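A quick note: this is a predicted structure, and the numbers were derived from the prediction, not measured. Within every chain, numbering begins at 1; the chains are lettered A, B, ... in the order of the sequence lines, protein sequences first and strands thereafter.
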There are 2 protein chains.
Amino acid sequence: MLKISTRCRYGLLAMVELGQHDGQTPMSVQDIYQKQRIPKFYLQQLLVKLRRNGLVESVRGSKGGFVLKKDPKQIKILDIVKAVEGPVQLIFCTKKAKDRCCRRIKECLTRPVWVELHEVVNKVLSERTLHDLTQNLP
Amino acid sequence: MLKISTRCRYGLLAMVELGQHDGQTPMSVQDIYQKQRIPKFYLQQLLVKLRRNGLVESVRGSKGGFVLKKDPKQIKILDIVKAVEGPVQLIFCTKKAKDRCCRRIKECLTRPVWVELHEVVNKVLSERTLHDLTQNLP
DNA sequence: CTATATATGACTTAATTTGTCAAGTATTAA
DNA sequence: TTAATACTTGACAAATTAAGTCATATATAG
Ligand code: FES
Ligand code: FES
């Protein structure tokens, strides 16, 4: 059904929250939780993934928290999605993943739709940036 | 990760198979199985869904099977996807499904991306028809 | 030193996807 | 009429993935 996972929704909500914040002082998991009511421990996991993917920076200890590591204009939505749930891979029609497709790539008549879908999804996600969202611009 | 389910892949493969067939004599599950190696009982389930959604017709008894019910030009890929797995609903930000979104639709800054994604996916799937696939046309 | 916060990794639970099966019904052909 | 073929229905089981929790460790401000 292609539904958006909570990982994605929560991850993006957290990033938007950080983007709306002052950009100087770190925002703790608790802070984000109070704004968005995302399950705390789950949110923490997601933030760790965002950090490992270079999207946020963490400050440990008292008064610590998370800060965006880049300019929101440089953060594609696709980066965020990839960070929290791995590459956006709508199809698996490759030689390596034989079991995930019909195994007849060359003659496969269905493949083109899935490829097209894969492409438009990736296009939208990589054209939009975090900045677009926080500024309400097209 | 937004991956395409086997339901979708198998469903479309079956429809393409029926579309490639003569259009007169019914094609049995066994026939489709021999062409595509889709788990038989699973395939059967999918065909029933396709029938219930008016995309194929079934003929019972010996020499029975399935036939397309419409002109492939009138069958959108979206119809097939909807038939085998219900509506393509990338987001659930409605009043009824409060738990599936951030519950702050009006002020939600993340919603626009998901809506856009939802729209492009539905657009691609409803612009392409079964005929496009079997004819290798754009 | 203490309170606050993140780091890590294992773990549990719930939901969904994927696939199987048995018993029943309809149809054709011999 | 009978045997063989093939769809119908509904329930079920297994496998995978998503969603969420927790204990323990580490770091820092004050
Ligand atoms: S090549 Fe992937 S479904 Fe056919
Ligand atoms: S309204 Fe759906 S995520 Fe915010």
Evaluation steps, side chain to side chain contact (heavy atoms under 4.5 Å, CB included), between B/Leu47 and B/Ile32: CA-CA 11 Å; B/Leu47 284 164; B/Ile32 300 176; 4.1 Å; yes
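Of the candidate nucleotides D/dC7, C/dA7, C/dG19, D/dC7 has the atom nearest to the side chain of B/Gln44. Considering only side-chain atoms of A/Arg52, the nucleotide from D/dA6, D/dA19, C/dT8 that sits closest is C/dT8. Side-chain atoms of A/Ser62 lie closest to D/dA29 of the nucleotides D/dA29, D/dT17, C/dA7. Listed candidates were C/dT6, D/dC7, D/dT9. Nearest to the side chain of A/Ser58 is C/dT6.
As rounded to whole Å, 14 Å separates atom P of C/dA7 from atom NZ of A/Lys49. The distance between atom CE of A/Met27 and atom C1' of C/dA5, rounded to the nearest whole Å, is 15 Å. In this structure, B/Tyr33 places its OH atom 18 Å from C1' of D/dT5, rounding to the nearest Å. Between B/Gln36 atom CD and C/dG19 atom C1' there is a gap of 18 Å when expressed in whole angstrom units. Rounding to whole angstrom units, CG of residue A/Leu47 and P of D/dA19 are separated by 16 Å. A straight line from OH of A/Tyr42 to C1' of D/dT17 spans 10 Å, rounded to a whole angstrom. Atom C1' of nucleotide D/dA27 and atom CZ of A/Arg51 are separated by 13 Å, given to the nearest angstrom. In this structure, the NZ atom of A/Lys40 is 12 Å from the C1' atom of D/dT21, given to the nearest Å.
Residues B/Gln30 and B/Lys40 have side chains that bring a donor and an acceptor to within less than 3.5 angstrom of each other. Side-chain contact of B/Gln74 with B/Thr129: a donor-acceptor pair under 3.5 Å is absent, judged by distance alone.
For B/Lys63, there are no side-chain contact (heavy atoms from CB on, under 4.5 Å) partners at least two apart in sequence or on another chain.
Proximity of A/Arg60 to the phosphate of C/dA3: no side-chain N or O atom is located under 4.0 Å from OP1 or OP2. An OP1 or OP2 oxygen of C/dG19 is reached within less than 4.0 angstrom by a side-chain nitrogen or oxygen of B/Tyr10.
Within the 4.0 angstrom heavy-atom criterion, base atoms lie near A/Gln45. A/Arg7 comes within 4.0 angstrom of sugar-phosphate atoms only, judged by non-hydrogen atoms across all strands, and of no base.
Heavy-atom distances to DNA chain C give each of B/Lys63 and A/Gly64 a nearest nucleotide, and the one nearer the 5′ end belongs to A/Gly64. When each of A/Ser5 and A/Phe41 is assigned the nucleotide of DNA chain D with its nearest heavy atom, A/Ser5 is the one assigned upstream, toward the 5' end.
A salt bridge links A/Lys123 with A/Glu127; the closest basic N to acidic carboxylate O contact falls under 4.0 Å.
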